[in-house]
Each structure stands twice: as C-alpha cells, then as structure tokens.
Number of protein chains: 2
Amino acid sequence: MDAITGEEVRRDGAGRRPLDQMTIVAEAIRFIDERGRERLTMRQLGARLGVEAMALYRYIPGREQLLDGVVEVVMDQLYGDTMVDNQAATWPEYLQQLAAGVRRLALTHPRIFPLIASRPPAAPWLRPPLRSLRWVEAFLEGLIGYGFSRGGSVTVYRSFATFLLGHLLLETAAAATLPDSGADDIELLESSDLANYPLLTEMAPQLSMDMYTDEFEAALEDLINRLALNRR
Amino acid sequence: MDAITGEEVRRDGAGRRPLDQMTIVAEAIRFIDERGRERLTMRQLGARLGVEAMALYRYIPGREQLLDGVVEVVMDQLYGDTMVDNQAATWPEYLQQLAAGVRRLALTHPRIFPLIASRPPAAPWLRPPLRSLRWVEAFLEGLIGYGFSRGGSVTVYRSFATFLLGHLLLETAAAATLPDSGADDIELLESSDLANYPLLTEMAPQLSMDMYTDEFEAALEDLINRLALNRR
DNA sequence: ACCTGAACACCGTTCAAGT
DNA sequence: ACCTGAACACCGTTCAAGT
C-alpha cells in the first residue's frame with residue numbers, strides 16, 4: 001500500500017513502481033534545477049529513475065518533447081499560483097501580483113525559465129510568444145474584468161509580457177550558466193584584462209551590487225504609469 | 001598571389017589556404033546565422049571549411065571557446081558600430097543611438113544574440129553581466145562626458161542594459177528557435193486547442209501583429225524619461 | 001506490460017601517424 | 001607545419017528480445 005494514497009502499488013522485479021509521464025517530467029525538473037538543462041540527457045535521467053534510457057521512450061516521445069513537458073508543468077504551476085483565486089482590487093495591483101508571481105517562479109527555477117521563451121511556442125503567432133495559452137487567456141480576461149477594452153487588454157499584454165520576460169530572462173541568464181565550465185577564454189583580439197578599464201575598476205563595487213529587485217520594481221512601476229496614462 | 005591583398009598565399013596539397021582562428025570563427029558565425037547554434041558541431045563546421053573536425057583543434061581549444069570567440073567577434077563589431085565616432089549631442093540621443101545599434105545587431109544575428117547573455121560572462125560580478133568589458137567602459141565614459149556623475153553613470157548602465165538585453169533577448173528568442181523541429185507536443189494535461197480560448201481566438205489578429213519596434217521605442221522613451229527625472 | 005541489449009548514426013576530443 | 005585515422009567516451013533513438 002502506498003503510505004499517502006492508500007492505493008495498491010504495483011512493483012516490478014526490482015521493487016520499482018512503474019514509471020509514468022509525470023514522474024519522468026518531475027524528475028527532469030529536479031535534474032535541470034540541480035545541474036542545468038545542457039546536462040540533462042536521457043541516459044542520465046534514466047539512471048536517476050533506476051532505469052535504462054530506453055525505458056523512457058515508452059512514456060515520452062523524445063528529449064525535445066520532454067523539455068516541452070517541463071515547460072508545461074512549470075507554466076501550470078504558475079497558472080495556479082497567479083491566476084486561480086486572484087484577489088487584486090485594481091488592475092495595477094493585479095499586474096503587481098502577477099509580476100511578483102512570475103518573478104518568484106523565475107527565481108525558483110532559474111535554469112528552466114529561459115525555456116519558456118526559447119521553446120517553439122504553442123502559438124507562434126502570439127507576440128510575444130508564450131507557452132501557456134491558458135495563462136494568456138486568463139490574463140486578458142482579468143484585464144477586461146478591470147474595465148479594459150478588448151484592444152486595451154492586448155496592448156497591456158504586449159508591454160507587460162515584454163517587460164516581464166525581458167527582465168526575468170536577463171536576471172535568470174546568469175544563474176542558468178553552467179557553474180563548472182572553468183575553461184580559459186579564447187584570446188581573439190586583446191586580452192580582457194581589467195587593468196585596461198579604469199572606470200570599470202573604480203566602479204566595480206557599485207557595478208557588482210545585485211540591484212535586480214530594485215530595478216525590477218522601479219521599471220514595473222514605470223510601466224504601470226505609462227499604461228495608466230495611455231488608457232482610454 | 002591573393003587577388004585582394006597581393007600576398008603570397010600558401011596552399012596545401014588540396015589547394016586550400018591554411019586555417020586560422022578568425023576564419024574558423026567567421027565561418028561559425030555564418031553557420032549559426034543559417035542553421036542555429038544547436039546544430040553547430042565541430043564536425044559539420046570542419047566540413048564547411050573542407051577539413052576534418054580534428055583540424056580545428058589546432059586553432060581553437062574546444063567548442064565552448066569557439067562560442068566565446070563568436071560572441072567576442074560580434075561584440076567587437078558592435079563596439080565599432082556604436083562606440084567609435086559617436087556624434088550624439090545629448091545623452092538621450094546617445095542612448096537612442098546605442099539602443100538602435102544594439103537592436104540592429106540583435107536583428108542581424110538573432111541566433112547569436114542570446115549567447116551574449118547566456119555565455120559565462122567575462123566579469124561575472126558585473127550586473128547585468130556582459131561579455132564586452134570594453135563596451136561597458138566606453139559606455140560609462142560616454143555618460144560621464146555628458147555630465148553624469150560616476151554613480152549616476154552606473155545607475156544608467158544598469159537600467160539601460162537591463163532594458164536593452166531584456167527586450168532584445170525576447171524579440172530574438174522567437175527567431176532563434178529551430179525552424180524545422182515540427183515534432184508533436186507531449187500531451188500532458190489538456191490539449192492546447194485554440195477552441196478553448198475564446199478571447200485568444202477573437203483577438204488573434206491583434207495579438208499576432210508584430211509590434212516589437214513600437215513597443216521597443218515606447219519603452220525606451222519611457223526609460224529615458226525616468227532617468228531624466230531621477231537625475232541629480 | 002514493462003524493461004533491456006545491441007545496434008546505428010551521431011557527438012567532442014585526444015593522439016599517434018601520415019604528408 | 002598541418003591535417004587525418006583510429007579510438008574513446010559519450011549522445012538520442014529504434015527495435016527485437018527478454019522477463
């Protein structure tokens with residue numbers, strides 16, 4: 001019996017429960033969070049599930065679709081966090097809460113977030129493209145609920161999505177780079193010795209301060225003001 | 001004799017001139033522009049240069065460093081386009097010209113541009129990180145020339161770089177996805193049938209209009225206004 | 001029903017050998 | 001001096017075979 005569900009648990013000869021899509025995708029998410037998406041291979045993922053890579057193909061068409069599944073699960077989590085039971089009283093509050101929710105997700109899964117923008121989108125015609133049509137639909141619906149016209153809600157979607165994805169892709173990119181590729185740079189033209197850059201050297205303390213949060217909030221307030229002014 | 005330089009050209013038995021770093025990196029840039037960075041392999045790049053993959057290792061330490069070289073060459077091109085002989089009379093004009101130059105580069109090499117943000121940066125402490133320290137140094141110098149304090153120039157760098165990279169990463173991401181991975185999506189929870197999304201269906205024409213240019217310019221003007229207000 | 005072994009067509013990279 | 005063949009340790013993926 002399973003301790004939580006109380007269901008009868010089937011086990012194979014090696015004492016494993018059989019795989020399924022969700023188990024595999026969930027493990028892939030954990031894998032990418034820990035080691036980055038470059039290192040996610042079918043063979044290594046199989047190993048973590050106690051199985052040969054070939055076994056995964058019974059549940060997942062291939063590696064690309066596995067990555068699509070990862071994005072889909074993460075986007076559904078976002079949908080639940082931000083769109084279900086949203087209590088915002090005004091549209092600026094609504095945007096603030098959505099922004100906070102998306103940023104929380106991006107910082108929780110910094111190595112997965114870039115996939116949201118780089119995977120071939122579900123609706124390539126949507127500008128900017130997003131994997132979760134359900135989220136976009138709910139977003140437009142929310143805005144209309146706050147009194148925006150249909151055309152106005154599209155304008156807001158555009159600038160809000162651009163703002164959010166843009167900022168968070170950048171904030172996230174640093175965290176997503178492999179932490180152990182300590183290889184030397186190719187020396188193409190001149191060495192990038194810090195000594196050649198007096199201003200950089202002098203301002204290094206300020207330049208290295210992590211101000212993403214402040215910058216994010218300042219820019220978001222700005223965007224909301226802009227939208228408020230242009231509203232008709 | 002070489003038709004252009006007039007120099008004596010060494011050729012090997014197969015009638016090829018010997019390779020060098022620049023030739024290889026330039027071919028890699030062309031390759032990524034045409035077929036995407038996922039498909040750039042040492043073996044295929046070698047083939048385009050009329051050589052086995054192993055020959056490349058005489059000039060390039062490895063694939064990762066080749067990609068670093070690609071970014072470096074592109075950034076140097078950007079430096080030449082935007083920083084050398086910049087004639088802007090005021091700092092807002094300066095930012096407009098830089099923004100236009102960076103966007104031009106991003107749209108010329110949409111499949112290379114994301115590398116600028118995702119490669120391990122030359123100075124990881126720099127926020128936001130950028131591969132070209134030379135460009136950042138010149139940027140700060142320019143701002144100080146227009147009367148910004150040292151601290152003020154850092155603030156402007158931060159918000160300007162965040163804005164630019166963010167917007168362009170997003171605009172560029174669509175173009176960078178492989179155009180021929182027509183595989184079916186994994187069906188995880190529900191099908192993303194457009195019929196379930198009435199607002200999306202209704203607003204499809206507006207949502208599919210490419211408004212990146214307008215959005216980019218509106219947001220840039222906004223940023224400049226914000227910077228002008230906060231200036232001390 | 002579910003997993004694996006063997007195989008195929010690819011990778012990046014090293015190094016001794018060819019010219 | 002410059003390139004290649006052969007090799008190694010990996011990939012994703014297919015499919016007949018095992019339990």
Side-chain angles (χ1 to χ4, degrees), chain A residues 7-25 27-28 31-32 35-70 115 119-120 178 180-186, chain B residues 7-25 27-28 31-32 35-70 115 119-120 178 180-186:
Chain A
E7 281 171 33
E8 205 64 46
V9 175
R10 285 173 306 144
R11 295 186 180 281
D12 68 2
R16 285 191 247 90
R17 54 215 309 160
L19 289 171
D20 61 57
Q21 239 179 57
M22 267 316 300
T23 309
I24 295 172
V25 174
E27 191 63 41
F31 192 110
I32 299 176
R35 324 233 289 109
R37 64 189 175 290
E38 308 277 330
R39 285 203 268 267
L40 174 68
T41 68
M42 301 300 276
R43 288 167 136 105
Q44 297 225 36
L45 184 61
R48 279 172 56 134
L49 291 162
V51 111
E52 299 298 320
M54 310 80 176
L56 304 177
Y57 288 88
R58 188 158 285 272
Y59 306 96
I60 305 277
R63 186 178 187 271
E64 289 302 300
Q65 291 86 346
L66 175 61
L67 290 175
D68 287 341
V70 164
L115 290 174
R119 297 265 86 204
L178 308 181
D180 62 75
S181 67
D184 287 315
D185 262 291
I186 190 175
Chain B
E7 279 171 32
E8 204 65 45
V9 175
R10 285 173 306 145
R11 296 186 182 278
D12 67 2
R16 283 190 250 93
R17 55 215 310 162
L19 289 172
D20 60 58
Q21 245 184 166
M22 267 318 300
T23 309
I24 295 172
V25 173
E27 191 64 40
F31 193 110
I32 298 176
R35 323 233 291 110
R37 65 189 175 289
E38 308 276 331
R39 287 203 267 268
L40 174 67
T41 68
M42 301 299 278
R43 287 167 136 105
Q44 297 225 37
L45 185 61
R48 279 172 58 134
L49 291 161
V51 112
E52 299 297 321
M54 310 78 175
L56 304 176
Y57 288 89
R58 189 158 283 273
Y59 307 96
I60 305 277
R63 186 178 186 271
E64 289 302 300
Q65 292 86 347
L66 174 61
L67 290 175
D68 287 342
V70 165
L115 290 174
R119 297 264 86 205
L178 308 182
D180 63 74
S181 67
D184 288 315
D185 262 290
I186 190 177

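Residue numbering restarts at 1 for every chain, and letters A, B, ... go by the order of the sequence lines.
- A:Glu38 has its CD atom 13 Å from the P atom of C:dG12, to the nearest Å.
- Comparing D:dT4, C:dC3, C:dT13 by their nearest atom to the side chain of B:Tyr57 picks out C:dT13.
- Sequence order on DNA chain C of the closest nucleotides to B:Arg58 and B:Gly62 puts B:Gly62 first from the 5' end.
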*Working for side chain to side chain contact (heavy atoms under 4.5 Å, CB included), residues A:Glu27 and A:Thr23*: CA-CA 6 Å; A:Glu27 191 63 41; A:Thr23 309; 5.7 Å; no
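- Of the side-chain N and O atoms in B:Tyr59, none sit less than 4.0 angstrom from OP1 or OP2 of D:dA1.
- In this entry C:dT13 has D:dA7 as its Watson-Crick or G-U wobble partner, both defining distances falling under 3.5 Å.
- Residues B:Arg35 and B:Gln44 come closest through the heavy atom pair NH2-OE1, 3.4 Å.
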*Can A:Leu40 and A:Val70 be said to form a side chain to side chain contact (heavy atoms under 4.5 Å, CB included), step by step?*
CA-CA 12 Å; A:Leu40 174 68; A:Val70 164; 5.6 Å; no
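- The CZ atom of A:Arg119 lies 8.5 Å from the CD atom of A:Gln65; values are rounded to the nearest 0.5 Å.
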*Do A:Leu19 and A:Arg58 pass the side chain to side chain contact (heavy atoms under 4.5 Å, CB included) test, and can you show the C-alpha distance, the side-chain angles, and the key distance before you say yes or no?*
CA-CA 9 Å; A:Leu19 289 171; A:Arg58 188 158 285 272; over 6 Å; no
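- Under the Watson-Crick or G-U wobble criterion, with both distances below 3.5 Å, D:dA1 is paired with C:dT19.
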I'd like a list of close polar pairs between nucleotides 5-11 of chain D and the protein, N/O only, cut-off under 3.5 Å.
| from | atom 1 | to | atom 2 | distance (Å) |
| --- | --- | --- | --- | --- |
| D:dC11 | OP1 | A:Gln44 | NE2 | 3.3 |

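- A distance of 9.5 Å separates CG in B:Leu66 from CD in B:Gln21, rounded to the nearest 0.5 Å.
- Remark: P of D:dA1 and CG of B:Asp20 are 17 Å apart, rounded to the nearest angstrom.
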